[in-house]
Amino acid sequence: MATIRSTSPADDALLGEVPVADCAEIARRAQSALEAFRVWRETPVAVRVERLRVLRRLLAREHRRIAEVVAREQGKPVVEATVTEVFPALDALTFLIHRGPRALRERRVPHLQPFLAGRRATIRLRPYGVWAVIAPWNYPFSIPFCQIATLLFGGNTAVLKPSPLTPLVGEVVVDLFRRAGFDAAVIEIVHGGAEVGESLVLDESVRAVVFTGGPDAGRRVMELAARAPKKVVLELGGKDPAIVRADADLERSARGIAWSAMLNAGQTCASVERVYVDHAARDRFVDLLVRETAAIRVGDPFDDGTDVGPLASAAQLERVVALVDDARTAGAAIRCGGRARADKGRLFYAPTVIVDPPAGCRLAREEIFGPVVAVEGVAGDEIALARANDCAFGLTASIWTRDAAAARRLARRLDCGVVTVNTHLTSFGEANSIWGGTKCSGFGRTHGEHGLLETLETQYLDEERGRRPEIWWYPYTPRFRAMIEEFCTLVGDPSLRVRAAAAMRFVPWLGYLARHTRVLRMGPGLLRYLR
Ligand code: NAD
């Protein structure tokens, strides 16, 4: 049987081994999640809330162990794993416990349309069924954990496929749910790479997919899902811009941007990769950013004195080296870093600030996904905005300024899913927010109420009392035709005179209308509709 060997990116130590799922195993897991769905969907919301409470207690009690597993297998410092992996998971549970039940309630919708007056209409939310949760390695705990908690709370079940780089963290996610009392089949797990992901998407028991990863794999997932078709949520890459205005607090901005660019060794979908700083502040800002970046301590994720750990894999390191070298060759100024840190281990790279990368170089267009930030001077807001939007991606963006009104104006024109002002990335840790992008960064939302609604289908329930036939049923009559044509005029004709004449022609039909509909009982509602 094929297996995946998990090793630590910090020192190559072997951490464990998991079996790769074959097609039969994938089908078995998905089928078992489907059977579990039939029971789980009927579970009262109060029971779901209770399970989440137990899960939250487990998470709170075991936060250190979880953070250490993440640090060991993925490479981010333990403190960072606590802040960016465990804490958002706790917050997601708290959100679902407190705000989730209300969001799931069915809603009565008053009828506006006069011919349907008097009926009872309701919008209900229904789970889709089995979701494939295909997860990346960069936030191997918080991303699938929050997605699965949301899916299960909505009454869905899930099959998780963790990244082959972080299978053990995936096992921790599933184990926590099961120990919190969720039935084993409500959350299944299969291991493997792209092939296993593809088989899972194609599996007939799977009704929907939430995919978090790169744009190429995301496109492929969408292609495969289209065959059924299945619902798809795509959380893809980013190349986030930060706009630094001349009036910004430059010290604070440089500190915040250094963190937002280098967090998790820059392997964050929403890390700052591009800074557009006003010419008036450029030199001072670059000096400050270089000072902050050069002070970042690279090292062992288990060392309390470490800010940035290793990259997650040799492929990641090669990519970062290739993109920085390409920018250097094209003439970009490397103001700090720009080299691997072999003294620390095989996969470490120095936090890097690049100034004015030429437009043609790869760094200017492609997601780098490493500890590298590029800075460019711009002449004012309009140019900054145009540069920020001139990108295939649109995940998040930030504006650094003391002028709140200007920031709000700019935010509206930024093509992305999240805009933050004088901060970046932090809304990922706030379950009440929304998360997701536009353009090549994908579509659909996770987090908060919108994220919960994304996991559910709407069902419209239209209840007629059934005392008489509908007015439009057979046989069609000349009177019905004339009346419906006059009604169209009455609703939409721009001329008041024409509408008044149409209303007059209704007079002989009032008895007919009263017998066949409840239109006349609408009173002022009818006038409002016609207004
Ligand atoms: P990846 O696309 O290589 O892999 C992501 C997951 O998809 C893995 O589990 C992988 O095994 C699986 N996969 C790969 N090819 C597949 C296919 N053809 N069919 C089905 N599954 C397939 O991405 P990665 O390297 O793990 O993660 C990095 C990328 O993820 C970056 O682009 C990053 O920006 C993005 N990301 C986005 C978000 C977000 O919220 N928008 C969050 C984290 C990461």
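Both ligands and their constituent atoms are indexed starting at 1 by order of listing.
Salt-bridge annotation for R362 and D326: absent, with no side-chain N of the basic residue lying under 4.0 Å from a carboxylate O of the acidic one. The pair R274-D240 fails the salt-bridge criterion, with no side-chain N (NZ, NE, NH1 or NH2) lying under 4.0 Å from an Asp/Glu carboxylate O. In summary, E25 and R29 engage in a salt bridge, as defined by a charged side-chain N under 4.0 Å from a carboxylate O. Using a cut-off of 4.0 Å between Lys/Arg side-chain N and Asp/Glu carboxylate O, R387 and E376 are scored as salt-bridged. Ion pair D175/R178 not flagged as a salt bridge, since none of the NZ, NE, NH1 or NH2 atoms sits closer than 4.0 Å to an Asp/Glu carboxylate oxygen. Contact check on E198 versus R220 returns a salt bridge, with a Lys/Arg side-chain nitrogen under 4.0 Å from an Asp/Glu carboxylate oxygen. D325 and R339 are not joined by a salt bridge, as no carboxylate oxygen comes within less than 4.0 angstrom of a charged side-chain nitrogen. Salt-bridge formation is detected for the pair E454/K231: a Lys NZ or Arg NE/NH1/NH2 atom is positioned less than 4.0 Å from an Asp or Glu carboxylate oxygen. Contact check on E188 versus R28 returns no salt bridge, with no Lys/Arg side-chain nitrogen under 4.0 Å from an Asp/Glu carboxylate oxygen. With respect to E80 and K76, no salt bridge is recorded, no charged nitrogen being found less than 4.0 Å from a carboxylate O. The pair R207-E457 meets the salt-bridge criterion, since a charged nitrogen lies less than 4.0 angstrom from a carboxylate oxygen.
Of all atoms in ligand 1, numbered sequentially from 1 with element shown, those under 4.0 Å from a heavy atom of V221 are 19 (N), 20 (C). Near P162, the atoms of ligand 1 lying under 4.0 angstrom from a non-hydrogen atom of the residue are 9 (O). Taking every heavy atom of P164 and a limit of under 4.0 angstrom, the matching atoms of ligand 1 come to 11 (O). The L395 neighbourhood of ligand 1 comprises atoms 41 (N), with distances under 4.0 Å to a heavy atom of that residue. Listed by number with element, the atoms of ligand 1 under 4.0 Å from a non-hydrogen atom of G193 are 11 (O). Close approach of ligand 1 to F211 (heavy-atom distance below 4.0 Å) involves ligand atoms 2 (O), 6 (C), 7 (O). Each of the following atoms of ligand 1 lies closer than 4.0 Å to a heavy atom of E235: 37 (C), 38 (C), 39 (C), 40 (O), 41 (N). Per-residue contacts place I143 under 4.0 angstrom from the following atoms of ligand 1 (heavy atoms of the residue considered): 42 (C), 43 (C).
Among all non-hydrogen protein atoms, the one lying nearest atom 9 (O) of ligand 1 is A135 O, 2.7 Å. P136 CB, 3.6 Å is the protein heavy atom nearest to atom 27 (O) of ligand 1. Scanning the protein for heavy atoms near atom 34 (O) of ligand 1, the closest one is E367 OE2, 2.5 Å. Nearest protein neighbour of atom 13 (N) of ligand 1, counting heavy atoms only, is A194 CA, 4.0 Å. Among protein heavy atoms, atom 12 (C) of ligand 1 sits closest to I134 CG2, 3.6 Å. The protein heavy-atom contact nearest to atom 11 (O) of ligand 1 is K161 NZ, 2.9 Å. If you check which protein heavy atom lies closest to atom 14 (C) of ligand 1, you get A217 CB, 3.8 Å. Nearest protein heavy-atom neighbour of atom 21 (N) of ligand 1: G197 CA, 3.7 Å.
Without hydrogens or angle criteria, E273 side chain to I368 main chain gives a donor-acceptor distance under 3.5 Å.
Of the polar atoms of C269, none of the N or O atoms is found under 3.5 Å from an N or O of ligand 1, judged by distance alone. The distance criterion of under 3.5 Å between nitrogen or oxygen atoms is met by G213 with respect to ligand 1. Ligand 1 has a nitrogen or oxygen under 3.5 angstrom from a nitrogen or oxygen of W435. Considering backbone and side-chain atoms together, T212 places no N or O closer than 3.5 Å to any N or O of ligand 1. The N/O atoms of W137, backbone and side chain alike, include one that comes under 3.5 Å of an N/O atom in ligand 1. An N or O contact shorter than 3.5 Å is missing between N138 and ligand 1 by distance. At least one N or O atom of G214, backbone or side chain, sits closer than 3.5 Å to an N or O atom of ligand 1. The shortest N or O to N or O distance between L236 and ligand 1 is below 3.5 Å.
In this structure, F369 has its ring center under 6.0 Å from that of W137. Here H63 and F87 keep their ring centres 6.0 angstrom or further from each other.
With a 4.0 Å heavy-atom cut-off, ligand 1 is reached by no atom of Y139.
For atom 3 (O) of ligand 1, the nearest protein heavy atom is 4.0 Å or more away.
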Discussion item. As a quick check of understanding, evaluate side-chain hydrogen bond (donor to acceptor under 3.5 Å, both in side chains) for Y139 and T268, giving each step before the final call.
Written reply: CA-CA 8 Å; Y139 289 89; T268 303; 2.6 Å; yes
